[in-house]
Amino acid sequence: ATEGITEFHERASELLRDCGGRVNSLTFGYKWESMYGENLSTFVRRQRLSIAAMLKQSKEFWVVDMQGSVVGEDGTCPMQVFVLVEKNAPGKGRGQPLGDQLFAQLGKHGESEAIKEWRRDRAVANLAPPRGSGESPDSRFPDTSAEIVGFADAQLHRVQRHRDELGSGGGRRVLPSDDENASHEDGEKPDEMASACMTLPKGLDTFDKVGALLDALEPCISNVDSRLGLRQMHLAWSSRCTCAGSAVRALRRLHALQPQAKGRQVRRVDDFIRAMADVVQAGIGSLTLGQIADTLHVVEGRTGYDTLVLFAANRILQGGPSLVGDATKLDPKAVAVVVGAMARSGHRDPLLYRQLVGVCQHIPAERYSMESMAAILDGLKLVGVRDTQLLRFFSSVLQRLPMAAVSPSGIASMAAALAGAGAHDDAAFRRLSAAVMQLPGEAFSAASVGQILDAFSRTANVRDGAILRRLSLLAQGLDPLELRPEDIARIVAASARANLRDEALLSHMGTAILRIQGAEFTPEQIGAIAAAYAKAGVRDERVLSYLAVAVLKLEPWSFEMPIVARIVDAFAALDSWDEALFGRLATVLQNDAPANFSLRHIGTVVSAYAANPAVMDEALLAKLAVVLQQMDPSVFASPDAVQEVSKILNAYASADMRELALALSSTLTSHLRPHVGGLTVQAMATIVMRVGAP
């Protein structure tokens, strides 16, 4: 076992040296596997020691707990940094403080402003007593407080006092909590031991020109050793500085002014954002959830920040009580930003979202708006998380929300979020219904009416005739000139889904349809409108002719099989046989790949084209028959297969295509026989003979 650990130490030294001398515990295993081609988990189980415990057995390594990580019940810290301690030549650097050693190793880079400041502070306040001075044994410890760059002389006695409180046992670095290490700018309590490695320009938030902002921030990232980078320099100087919070402020301002960047400024802004993000990553443990949200908002959508997002996720997972403490003064929009960013970045750890859900329930109810609650639910929906306790909590918040804080857009967002989350809370929807009834009609836009109607149509158990009539009247009060294609399609589709057969509403929507250029409608919108009119049984020739022309104006490749099936089924149901429309869509299907066809959609198309000789296309029906014969037999194992096959055989038989129908009947019934009884198959086979007989 000892030989195995010795070899482990040698490999770990090589790995850390290759990574610049330090690696966090999250990526150590990945680096090991990519470098040596083996997984560490087996070796760790065999040794019955953690990676940190094995590294601590050698003086060549330091194991430093990350800021903000919560110590487990076994006394271990889940987030650590592994540091390689390189040995100096005999007599060289031995006994020197960290600053002198760095100065000797960095050569011409050693005269940085940080080291100059350290040397001045140490010359003024050298706390290490001379040898033989009769001091207590504790005075023999090196004066580490004097080696932290950025400490003023007046702070040194507090550092010494803090070190004395720690004592000599354990050797574990005590880390600041969120509240201790937050910056003044965010309204948090300052840490009396905090120091800053970089100072932001005064009046940072007042800069309104990106060029001036970049010039003002330049000193913050200059004089950085290129071999280390800003993040490593930040870690080297101080473990309790406030630079991470300052970097968040800089990121916010850079992001706000980035649209102004032109030419070389674009690259410069990107470089500054990356530099500040490095500092945030180094001090992620000192940030509040609100600051993490600001950071994720800036870096989302940019490449190269996966590690930062991973650190942020770990900070939230290990935040524990500190996050709950933050929640009392947290803006719910910050939680929505974090949830959405984590979901879109691919993080699916349920514990992460459980932690965020817990934070939500500790935020005071008066801080919530309908929009912020909806944004949180939408983010959780992206990762498939549905928390019933959170839904009940949001329902109670809705009950207490004053009418002054209610808006049509907020109602629309909240109703859509509740419907999307599968919530069927009568109390929540009753509160939303009451708000819709109380708000004046002129406050509603076409988008909000469509979204609210769509949400209520998807929750059958909360449909109320009064609220549906109210929404119908609101839709009829909208100016047809201001309605967009997406608004019209959503309103008519939702009314059909809610079984709201209101001819006055469809007539008003028809007027709006005729005022829009046909090419502005998408195939999906045309299909939705046609299906809604068909379900309501409203045969408006003006609208149907207009939709047929709109289909002809669109490119054939923009139509897919489900949309084509929906359109032809709606026109057939309304007994509207536009030959140009059916001819164009038949051409689309004949050029489509067989892999895009489904049994249900084939049944719909065959039934529509076989129903009227004026639009029947034998070439299309022959192709669909071939597609059916070549389908995988497993397709016919579905519960609806029998009904679909019966509809298809009946359509072919009634279309005077008896020979094709007989061949198709033989193939389809053989596919169905393993899944249904023989009598059922025989009965289906006789359909062709009975219907097609002279």
Side-chain angles (χ1 to χ4, degrees), residues 446-447 450-451 454 480 482-497 506 509-536 540-574 576-612 614-628 630-631:
Q451 290 174 3
D454 181 74
E482 297 181 359
L483 287 172
R484 301 170 301 172
E486 55 267 31
D487 298 326
I488 298 172
R490 183 182 292 114
I491 290 173
V492 298
S495 65
R497 191 183 304 112
L506 292 180
M509 291 295 109
T511 302
I513 290 171
L514 298 177
R515 294 177 179 273
I516 296 175
Q517 295 294 329
E520 295 184 27
F521 284 99
T522 65
E524 292 79 5
Q525 292 166 353
I526 294 173
I529 294 171
Y533 274 80
K535 187 172 183 179
D540 190 328
E541 288 292 348
R542 300 175 308 155
V543 173
L544 294 176
S545 298
Y546 182 89
L547 294 178
V549 173
V551 169
L552 298 177
K553 290 182 178 180
L554 295 174
E555 296 292 339
W557 51 262
S558 62
F559 290 89
E560 297 180 352
M561 177 67 169
I563 302 300
V564 172
R566 195 174 194 187
I567 294 174
V568 298
D569 182 57
F571 273 76
L574 292 171
S576 179
W577 307 100
D578 190 297
E579 296 183 21
L581 168 72
F582 279 84
R584 167 60 67 87
L585 296 179
T587 303
V588 169
L589 293 178
Q590 289 185 53
N591 290 286
D592 202 355
N596 298 329
F597 293 13
S598 69
L599 184 63
R600 181 170 65 88
H601 293 138
I602 289 177
T604 301
V605 171
V606 170
S607 299
Y609 276 89
N612 192 321
V615 299
M616 188 177 68
D617 190 312
E618 293 188 3
L620 172 62
L621 295 177
K623 176 185 176 175
L624 295 178
V626 173
V627 172
L628 286 167
Q630 295 177 348
M631 275 187 167

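Excluded from the calculations below are hydrogen atoms, water molecules and symmetry mates; all remaining heavy atoms, backbone and side chain alike, are included.
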From [atom1] ([X]) to [atom2] ([Y]), nearest 0.5 Å:
X	Y	atom1	atom2	answer
L544	Y533	CG	OH	8.5 Å
E524	I567	CD	CD1	9.0 Å
L628	F597	CG	CZ	10.0 Å
I488	F521	CD1	CZ	4.5 Å
D454	S495	CG	OG	10.5 Å
I513	L547	CD1	CG	6.0 Å

Please find the pair of heavy atoms, one from [X] and one from [Y], that lie closest to each other, and give the distance.
X	Y	result
L599	M631	N-CE, 3.7 Å
A447	D487	CA-OD1, 3.8 Å
L554	R584	O-NH1, 3.3 Å
A534	A573	CB-CB, 4.3 Å
K535	R497	NZ-CA, 4.1 Å
A528	A493	CB-CB, 4.3 Å

Exercise for the section: Begin from the C-alpha positions of D540 and L506 and carry the test side-chain contact (heavy atoms from CB on, under 4.5 Å) through to its verdict. Expected result: CA-CA 9 Å; D540 190 328; L506 292 180; over 6 Å; no
Practice task
Apply the test side-chain contact (heavy atoms from CB on, under 4.5 Å) to residues E560 and N596: give CA-CA distance (whole Å), side-chain angles for both, the deciding distance (0.1 Å), then the verdict.
Solution key: CA-CA 8 Å; E560 297 180 352; N596 298 329; over 6 Å; no
Practice task
Could you tell me whether Q590 atom CD has more than 12 heavy atoms of other residues or ligands within 6.0 Å of it?
Solution key: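 Atom CD in Q590 is packed in, count exceeds 12.
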Practice task
Begin with the C-alpha distance, continue with both residues' side-chain angles, and end with the deciding distance and a verdict on side-chain contact (heavy atoms from CB on, under 4.5 Å) for D617 and F582.
Solution key: CA-CA 9 Å; D617 190 312; F582 279 84; over 6 Å; no
Practice task
Report the C-alpha distance between V606 and L620 in whole Å, list the side-chain angles of each, state the deciding distance to 0.1 Å, and finish with yes or no for side-chain contact (heavy atoms from CB on, under 4.5 Å).
Solution key: CA-CA 9 Å; V606 170; L620 172 62; over 6 Å; no
Problem - Main-chain N/O of A586 paired with Y609 side-chain donor or acceptor, under 3.5 Å - result: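 Present.
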Handout entry: Check: M561 and V605 side chains under 4.5 Å, non-hydrogen atoms
Key =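 Result yes, sub-4.5 Å side-chain heavy-atom pair found.
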